[in-house]
Amino acid sequence: MATQDGSDEVIMETETRPKEAEPLNEDAEKGKEETTSHTDAGIATTQDSSISNGDDSDEKQETVDLKIIWNKNKYDLKIPVDSTGAKLKERIHSLTGLPPAMQKVMYKGLLPEDKTLREIKITNGAKIMVVGSTINDVLAVNTPKEVIQQEVKADENKKEPLCRQKQHRKVLDKGKPDDVMPAIKGTKERLPTVPLSGMYNKSGGKVRLTFKLEQDQLWIGTKERTEKVPMGSIKNVVSEPIEGHEDYHMMAFQLGPTEASQYWVYWVPAQFVDAIKDTVLGKWQYF
């Protein structure tokens with residue numbers, strides 16, 4: 001019995017030892033799992049940190065220090081050398097407020113948006129010139145221009161009539177020429193087949209106008225000579241009724257690029273004014 005009991009005890013001990021070891025194995029597994037989870041958590045924390053800090057990732061790249069010059073202001077900018085021109089414009093936008101679409105970025109010419117700074121061979125300390133205006137700047141500039149234009153237009157409306165100006169008055173004060181062609185106020189007629197005659201020029205001499213349609217020329221004739229002017233070379237034709245004699249107009253043919261080249265003719269019958277402009281300028285080229 002004793003021997004059997006002893007063997008039984010041995011057997012029991014042998015059977016219980018594995019049972020006692022099981023908790024140890026579970027604890028080891030738990031410890032292993034905890035160690036693994038801590039390690040994973042550490043990796044996750046490191047990864048999150050690197051993702052959230054964009055500046056750190058830029059610092060790990062090769063960078064260049066640039067001087068951005070815009071609107072008489074200078075800005076220091078550090079940017080990865082493998083950034084494209086488009087990316088540079090975005091960074092300039094963040095510095096200046098100037099939208100990329102309104103930027104002209106220049107470094108040895110206009111900076112291409114699709115190439116990197118490395119490809120363009122931009123080096124440390126390079127000066128980048130930026131040209132462009134913000135939307136607010138554009139509005140601030142345009143508004144005064146509109147006001148100025150309105151003021152100019154108002155001034156023009158306030159100007160005294162041409163026939164009262166001294167340079168014209170000295171001719172008009174001579175009175176209506178005796179041999180001028182009859183005039184009809186408020187009507188429009190085609191050009192006559194004969195020259196318009198009996199009028200004065202700026203020097204007070206007699207002048208006649210002949211429209212040579214087949215040659216596309218206007219002949220301006222005086223006692224001394226006749227000038228044959230191609231109608232295509234006449235830049236403008238202006239006219240104004242003569243005060244007190246509204247059935248007649250004073251008219252200027254602009255023969256050169258400026259108003260200084262105007263050739264004035266006085267006492268033009270009103271019924272032919274529109275026909276003269278139609279013939280010289282073309283029907284839709286005058287106001």
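Small disclaimer: the values here were computed from a predicted structure and weren't measured. These values consider heavy atoms only, across backbone and side chains, with no hydrogens, waters or symmetry-generated copies.
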Next on the checklist: Does Thr210 form a side chain to side chain contact (heavy atoms under 4.5 Å, CB included) with Thr226? I'd like the steps, not just the answer.
Outcome noted: CA-CA 10 Å; Thr210 306; Thr226 297; over 6 Å; no

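- Residues Leu213 and Thr279 are in side-chain contact: their nearest non-hydrogen atoms beyond the backbone lie under 4.5 Å apart.
- Residues in residues 222-252 take part in these ring-ring contact (aromatic ring centres under 6.0 Å, His included) pairs, two or more places apart or across chains: His245-Trp267, Tyr248-Trp267.
- Listed by chain and number, the residues in a side chain to side chain contact (heavy atoms under 4.5 Å, CB included) with Glu240 are Pro161, Leu162, Cys163, Met250 (sequence neighbours excluded).
- Residue Val130 forms a side-chain contact (heavy atoms from CB on, under 4.5 Å) with just one option from Asn71, Ile68, Leu88, and that option is Ile68.
- Here Tyr200 contributes atom OH and Leu172 contributes atom CG; the two are 10.5 Å apart, rounded to the nearest 0.5 Å.
- Evaluation of the side chain to side chain donor-acceptor pair (under 3.5 Å) rule for Gln271 yields no partner, not counting sequence neighbours.
- Taking 4.5 Å as the limit, some side-chain heavy atom of Gln262 sits within range of a side-chain heavy atom of Gln254.
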Item to check | side chain to side chain contact (heavy atoms under 4.5 Å, CB included) evaluation trace for Val171 with His168 | outcome: CA-CA 6 Å; Val171 179; His168 303 299; 6.0 Å; no

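- Residues satisfying the side chain to side chain contact (heavy atoms under 4.5 Å, CB included) criterion with Gln167, sequence neighbours excluded, are Gln165, Lys202.
- Residues forming a side chain to side chain donor-acceptor pair (under 3.5 Å) with Gln215 (at least two apart in sequence, or on another chain): none.
- In this structure, CD1 on Ile276 lies 5.5 Å from CG on Leu196, to the nearest 0.5 angstrom.
- Here the shortest heavy-atom pairing between Pro257 and Ser261 reads N-OG, 4.2 Å.
- Of the possible donor and acceptor atoms, one in the side chain of Trp70 sits under 3.5 Å from a partner among the backbone N and O of Gly132.
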Counting only pairs under 3.5 Å, give me each side-chain donor-acceptor contact of residues 174-186, with atom names and distances, residues two or more places apart or in other chains.
{"unit_1": "Lys174", "atom_1": "NZ", "unit_2": "Gly204", "atom_2": "O", "d": "2.9"}
{"unit_1": "Asp179", "atom_1": "OD1", "unit_2": "Lys206", "atom_2": "NZ", "d": "2.8"}
{"unit_1": "Asp179", "atom_1": "OD2", "unit_2": "Lys206", "atom_2": "NZ", "d": "3.0"}

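- Atom CE of residue Met129 and atom CG of residue Leu110 lie 13.0 Å apart, to the nearest 0.5 angstrom.
- Listed by chain and residue number, Lys277 satisfy the side chain to side chain donor-acceptor pair (under 3.5 Å) test with Ser239 (two or more places apart in sequence, or in another chain).
- Residues passing the side chain to side chain contact (heavy atoms under 4.5 Å, CB included) test with Val64 are Leu66, Ile79, Val81, Leu117, Asn124, sequence neighbours excluded.
- Other residues, nucleotides and ligands contribute only 12 or fewer heavy atoms inside 6.0 Å of the CD atom of Glu259.
- From Trp219, atom CH2 reaches atom CZ of Phe211 across 13.5 Å, with rounding to the nearest 0.5 Å.
- Using a distance-only test at 3.5 Å, with no hydrogens or angles considered, no donor-acceptor pair links the side chain of Glu243 to the main chain of Pro241.
- A distance of 8.5 Å separates CZ in Phe272 from OG1 in Thr187, rounded to the nearest 0.5 Å.
- Applying the ring-ring contact (aromatic ring centres under 6.0 Å, His included) test to residues at least two apart or on different chains, none of the pairs has a partner in residues 72-111.
- At least one donor-acceptor pair under 3.5 Å links the side chain of Gln103 to the backbone N or O of Leu98.
- For residues 98-124, the set of pairs meeting the salt bridge (Lys or Arg N to Asp or Glu O under 4.0 Å) definition, not counting sequence neighbours, comprises Glu62-Arg118, Asp82-Arg118, Lys89-Glu113.
- Taking CG from Asp65 and CG from Leu77, the interatomic distance works out to 8.5 Å, rounded to the nearest 0.5 Å.
- Lys235 places none of its side-chain heavy atoms less than 4.5 Å from the side chain of Leu255.
- For the pair Glu227 (side chain) and Val229 (backbone), a donor-acceptor distance under 3.5 Å is absent.
- Every side chain to side chain contact (heavy atoms under 4.5 Å, CB included) that Thr222 has, sequence neighbours left out, goes to Asn201, Val207, Glu224, Arg225, Tyr263.
- The shortest distance between side-chain heavy atoms of Ile128 and Ile69 does not fall below 4.5 Å.
- Residues Met106 and Leu111 have side chains not in contact (no heavy-atom distance under 4.5 Å, counting atoms from C-beta outward).
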